[in-house]
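One structure below.
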Amino acid sequence: MITREEIANVLDQPVYDGDGNKIGDAKHVFFDDMTGRPEWVSVKTGMFGSTESFVPIRDAALVQDHLEVPYGKDQVKGAPSVDVDAGGHLSETEEHRLYDYYGINWDSVLSEAERTDDDRFAAGPGTAGAAGAAGAAGAAGLAGTRGEAGGKDLRGTAGAGGTAGTAGGMTGRQDAMEREAMRGDQAMTRSEEQMHIGVERHESGRARLRKYVVTEEVQQTVPVTHEEVRVVREPITDANRDEALAGPEISEAEHEVTLHAERPVVETETVPVERVRMTTEELTENETVRGQVRKERIEAETESFTEDEMRQGDKRRGRE
């Protein structure tokens with residue numbers, strides 16, 4: 001169990017689960033209103049610590065330079081989101097929901113708180129008051145709703161027993177001297193949230209090359225030749241008389257001639273014509289990201305007294 005004295009060593013330190021996996025960084029510690037002991041730690045998880053999850057700290061241990069909790073990383077990151085009001089208070093309803101999520105019996109928590117409260121009463125005057133009484137400055141406000149250790153108001157806030165109470169611890173970056181200075185010079189620390197924007201790479205689609213075969217008609221004109229019979233008649237001349245009289249005078253005869261013709265012949269061959277491949281290129285475009293950040297404002301209030309009120313005050317001081 002983490003003690004109040006160890007809170008400064010917990011804040012802003014890494015938080016690991018029992019298997020040695022880092023969950024995130026501890027940001028705030030919340031105290032029990034009745035026992036005054038640290039009860040919850042909020043852990044910043046996700047990219048740039050964009051998510052804050054609540055983890056029970058009752059069974060946690062401070063190991064060297066980090067906090068170790070008996071819950072798995074996925075369980076912590078999946079814890080229900082709860083609302084913490086502007087004063088750093090965790091309501092009873094939200095706390096009950098967290099206890100159910102982590103399997104902690106709510107009745108046993110109340111019984112333990114009541115026993116601790118009875119012990120404080122038995123200790124006599126000078127001890128911390130019961131739940132609902134206003135806490136003293138620097139006493140982490142052991143009253144009202146469960147409160148946050150993280151630079152909030154040092155004064156305890158009065159509240160009903162078993163509900164809220166401001167635990168006004170300082171952050172790990174402020175030591176005891178700074179706490180004394182705040183009580184002495186009546187100064188307040190103003191804080192604000194800052195938004196950090198990052199990018200993450202994810203799969204947006206896929207592209208592929210697919211080769212398939214299509215058949216198309218190709219038309220081309222080619223010249224072809226063929227032979228035809230043409231009868232040529234020549235008169236008898238001195239030049240061909242001998243050939244003309246070489247045969248019988250009168251007879252029957254045949255002379256055959258073979259005719260030729262050309263026709264188109266089609267054949268195909270496969271030849272490479274081009275190579276096709278895919279590459280990727282990165283294009284940068286601007287996107288506007290909107291978010292909400294909280295800021296604290298400090299205003300000064302002045303109370304004016306009438307002359308009668310000032311005279312009455314002077315008379316009272318004279319009697320003292």
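Values below: every heavy atom of this structure, side chains too, minus hydrogens, waters and symmetry copies.
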Just jot down the side-chain hydrogen bond (donor to acceptor under 3.5 Å, both in side chains) partners of E203, sequence neighbours excluded, or say none.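 Only R206 meet the side-chain hydrogen bond (donor to acceptor under 3.5 Å, both in side chains) criterion with E203.
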Could you list the residues that satisfy side-chain hydrogen bond (donor to acceptor under 3.5 Å, both in side chains) with Q292, not counting sequence neighbours?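 Partners of Q292 by the side-chain hydrogen bond (donor to acceptor under 3.5 Å, both in side chains) criterion come out as none, since no residue qualifies.
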Do [X] and [Y] come close enough that some side-chain heavy atom pair is under 4.5 Å?
X	Y	answer
L245	R241	yes
V55	V15	no
R97	T93	no
E301	E299	no

Which hydrophobic side chains are connected to V213, either touching it within the sub-4.5 Å cutoff or through other members that do?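 Its cluster partners, ordered by chain and number, are none at all.
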ILVMFWY clustering at 4.5 Å (side-chain atoms), partners of Y212: V214
Got a donor-acceptor contact below 3.5 angstrom from the S53 side chain to the V76 backbone? yes
If we ignore hydrogens and angles and just use 3.5 Å, is the side chain of S42 paired with the main-chain N or O of E52 as donor and acceptor?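 Checked: no pair found.
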Look up atom [atom1] in [X] and atom [atom2] in [Y], then write down how far apart they are to the nearest 0.5 Å.
X	Y	atom1	atom2	value
R37	R58	CZ	CZ	7.5 Å
L98	E39	CG	CD	10.5 Å
H28	D12	NE2	CG	8.5 Å
M188	S191	CE	OG	12.5 Å

Please enumerate all residues that pass side chain to side chain contact (heavy atoms under 4.5 Å, CB included) together with [X], with sequence neighbours excluded.
X	answer
L209	V276, M278
N21	D17, D19, K73
T3	E5, E6
P223	none

The complete set of side chain to side chain donor-acceptor pair (under 3.5 Å) pairs with one or both residues in residues 262-279, sequence neighbours excluded, reads T225-E262
Ring pair (Phe, Tyr, Trp, His ring centres under 6.0 Å) with W40: which of Y99, F30, Y101?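 Result for ring pair (Phe, Tyr, Trp, His ring centres under 6.0 Å) with W40: Y99.
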Quick check: closest heavy atoms across [X] and [Y], and the distance to 0.1 Å?
X	Y	value
I23	Y16	CD1-C, 4.0 Å
I7	P38	CD1-CG, 3.7 Å
A60	L67	CB-CD1, 3.9 Å
I197	M195	CD1-CG, 3.7 Å
L11	K27	CD2-O, 3.5 Å
P14	D25	CA-OD1, 3.5 Å

Hey, is CD on E192 packed in by over 12 heavy atoms from elsewhere, all under 6.0 Å? yes
Identify whether the distance between the nearest side-chain nitrogen and carboxylate oxygen of E193 and R294 falls below 4.0 Å.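 Salt bridge present between E193 and R294.
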Run the ring-ring contact (aromatic ring centres under 6.0 Å, His included) test against Y102 and tell me which residues pass, sequence neighbours left out.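 Partners of Y102 under the ring-ring contact (aromatic ring centres under 6.0 Å, His included) test: Y71.
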Excluding sequence neighbours, so at least two apart, what forms salt bridge (charged side-chain N to carboxylate O under 4.0 Å, His left out) with K77? none
Hydrophobic cluster membership, with links at side-chain heavy-atom distances under 4.5 Å among I/L/V/M/F/W/Y: are V289 and V293 in one?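 The answer is yes; both residues are in one hydrophobic cluster.
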What donor-acceptor contacts under 3.5 angstrom involve side-chain atoms of residues 227-240, with partners at least two apart or in another chain?
residue	atom	partner	partner atom	Å
E227	OE1	H260	N	2.7
E227	OE1	H260	ND1	3.0
E228	OE2	H226	NE2	2.9
T237	OG1	A239	N	3.3
T237	OG1	N240	OD1	3.3
N240	OD1	T237	N	2.7
N240	ND2	P235	O	3.1

